[in-house]
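For the single chain, residues carry numbers from 1 onward in sequence order.
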Amino acid sequence: MIPTMIPIFCAHKNRIKENGPVDGSEFLVKTVSPHLRKDLRDCDERIAKAANKLVLPTGLRLIALFCLGIGIPMVYAALLSVKHEREDLWIFLTAGVVFLAAAGAIAFWGLLRKRKMLNSRERDDLAVTAEKARRNARKDLGIPSTAETAEVLTFFYKLKHGRATPVYCDGGVFTLVEIRLWRDGQSLYAADLEQVYAFPLQSLRRITGVEKTIYIDRIPLHRHYVLEIRHQGQDYGIYFPSYHLETVKKLTGLSAGNTLHL
C-alpha cells in the first residue's frame with residue numbers, strides 16, 4: 001500500500017455499518033435522480049431474494065450435513081460388521097442407507113428448486129426490469145455509449161503507520177465493482193450506476209503495480225495496480241485488477257511504472 005494515500009471507492013472501517021458515500025466524494029460531479037436510485041436498489045433487493053432461492057435454506061443444509069455425518073459412519077460400521085461377521089450388520093446398514101437417502105433427497109430437491117427458478121418467468125421478468133433500470137440510470141448520468149467497462153477493487157480499511165490497510169468484512173476483504181470509464185480534454189470520468197466522478201487529467205500522476213496475492217471470492221489475484229492521483233496536496237489511489245491495465249493506460253496516457261512487492 002502507498003503511505004498517506006486515500007483509496008477511492010473504499011471506506012474506513014468505522015463506516016462498515018453505514019451506507020454513505022465512499023472515499024473520493026470530492027471528485028463527485030453528478031448523481032442519479034432519486035427515483036432511479038430507488039428503482040436500482042429495489043432491483044438489487046429482488047435479485048438478492050431470487051439468488052437466495054437458488055440455494056437450500058440453512059436449516060435443510062444443516063439437516064443434509066447431519067444425515068451425511070451419521071449415514072457415512074454407519075455404512076462404514078456395516079462394512080466392518082461384514083468383516084468381523086457380526087450379527088448386527090443389518091442395523092448399521094439400514095440406518096446408514098436411510099440417512100444417506102435422506103441427504104440425497106434433500107440435495108435432489110434443491111437441484112429441482114434451483115432449475116425451476118432458473119427457468120422461471122419471474123427470473124426473465126426480473127432480468128428485463130433490472131436492465132431497463134440500469135439503462136435509464138446510465139442515460140440519466142450521461143454515460144456515453146463509447147465508455148469503457150472496467151472493474152475497481154473496493155475494500156474497507158484502517159490506517160496503520162500512515163497507510164491504508166484493508167480489513168476483513170462480510171466474508172472477505174476485497175470486492176470488485178463494475179464502472180464505466182471515459183475522458184474528454186479536461187478529465188477522466190468514472191461512473192457506476194449511481195454517480196459520476198471526474199478526475200482532472202493534470203492530477204493523474206502514475207500507475208503503480210502491486211505484487212501481492214489477494215483473493216476475490218476465493219479466486220487469487222497475484223497482481224493489481226493503483227492509479228495514483230494528487231489533488232489539492234492530497235494523494236489518492238484507484239485500485240484495479242491487472243487485466244484492466246491496458247484500458248487504464250489508454251484512457252490516462254500513463255504507463256505502468258514502479259512495482260511494489262508486498
Can you find a pair of side-chain heavy atoms, one from Leu254 and one from Leu227, that are under 4.5 Å apart? yes
When Leu153 is tested against each of Ile216, Val210, Thr175 for side-chain contact (heavy atoms from CB on, under 4.5 Å), which residue passes? Ile216
Are there over 12 heavy-atom neighbours, none belonging to Phe66, within less than 6.0 Å of that residue's CZ? no
Salt bridge present between Lys38 and Asp42 (N-O < 4.0 angstrom): yes
Between Asp192 and Val177, is there a donor-acceptor pair closer than 3.5 Å when you use the side chain of the first and the backbone of the second? no
Got a second to check how far Gln202's CD is from Ser187's OG, nearest 0.5 Å? 7.5 Å
Spacing of Leu60 atom CG and Leu65 atom CG [to the nearest 0.5 Å]: 11.0 Å
Is there a path of hydrophobic side-chain contacts, each under 4.5 Å between heavy atoms, that joins Ile72 and Val97? no
Minimum-distance pair of heavy atoms, taken over all atoms of Phe240 and Glu151: CB-O, 3.6 Å
Less than 4.5 Å apart, side chain to side chain, heavy atoms only: is that true for Glu246 and Lys250? no
Aromatic ring proximity Phe9/Tyr197, centre distance under 6.0 Å: yes
Before you tell me yes or no, could you show the steps for Tyr157 and His12 under ring-ring contact (aromatic ring centres under 6.0 Å, His included), namely the whole-Å CA-CA distance, both residues' side-chain angles and the distance that decides it to 0.1 Å? CA-CA 5 Å; Tyr157 66 89; His12 192 273; 5.6 Å; yes
The reported gap from CD1 in Ile238 to CD1 in Ile229 (rounded to nearest 0.5 angstrom) is 4.0 Å
Could you walk me through whether Leu100 and Leu68 pass the side chain to side chain contact (heavy atoms under 4.5 Å, CB included) test, one step at a time? CA-CA 6 Å; Leu100 291 179; Leu68 283 175; 3.8 Å; yes
What one should report as the nearest heavy-atom pair of Leu188 and Leu201 is N-CD2, 3.6 Å
Kindly check if the number of other-residue, nucleotide or ligand heavy atoms within 6.0 Å of CG (Asp217) is above 12? no
For the ring pair Tyr239 and Phe155, is the centre-to-centre distance below 6.0 Å? yes
Roughly how far apart are Asp140 CG and Arg37 CZ, rounded to 0.5 Å? 10.0 Å
From CG (Leu221) to CD1 (Ile219), nearest 0.5 Å: 10.0 Å
Here the pair of heavy atoms bringing Ala102 nearest to Cys67 is CB-SG, 3.9 Å
From CA spacing to verdict: side chain to side chain contact (heavy atoms under 4.5 Å, CB included), Glu178, Thr149: CA-CA 7 Å; Glu178 184 178 281; Thr149 300; 3.7 Å; yes
Evaluate the criterion side chain to side chain contact (heavy atoms under 4.5 Å, CB included) for residue pair Tyr225 and Val248; output intermediate values, then yes/no. CA-CA 10 Å; Tyr225 289 86; Val248 176; over 6 Å; no
Kindly give the heavy-atom pair with the smallest separation between Leu40 and Ala137, and that separation in Å. CD1-CB, 3.8 Å
Following the transitive rule for hydrophobic clusters with a side-chain heavy-atom cut-off under 4.5 Å over Ile, Leu, Val, Met, Phe, Trp and Tyr, establish whether Leu28 and Val22 coincide in one cluster. yes
Applying side chain to side chain contact (heavy atoms under 4.5 Å, CB included) to Glu148 and His244, what does each step give before you reach the verdict? CA-CA 10 Å; Glu148 300 278 358; His244 288 309; over 6 Å; no
Are the side chains of His224 and Phe174 in contact, using a 4.5 Å heavy-atom criterion? no
Rounded distance (nearest 0.5 Å) linking atom CZ of Phe199 with atom CG of Leu251: 12.5 Å
Correct closest heavy-atom pair for Pro241 and Leu176 would be CG-CD2, 3.6 Å
Partner residues of Lys132 under the salt bridge (Lys or Arg N to Asp or Glu O under 4.0 Å) criterion, sequence neighbours left out: none
Check whether the side chains of Thr213 and His222 place a donor and an acceptor atom closer than 3.5 Å, and report yes or no. yes
Shortest non-hydrogen contact from Gly71 toward Phe99: CA-CB, 3.7 Å
Does some side-chain heavy atom of Arg205 sit less than 4.5 Å from a side-chain heavy atom of Asp235? yes
Linking Ile, Leu, Val, Met, Phe, Trp and Tyr through side-chain heavy atoms less than 4.5 Å apart, which residues share a cluster with Tyr189? Val29, Val32, Leu36, Leu141, Ile143, Trp182, Val196
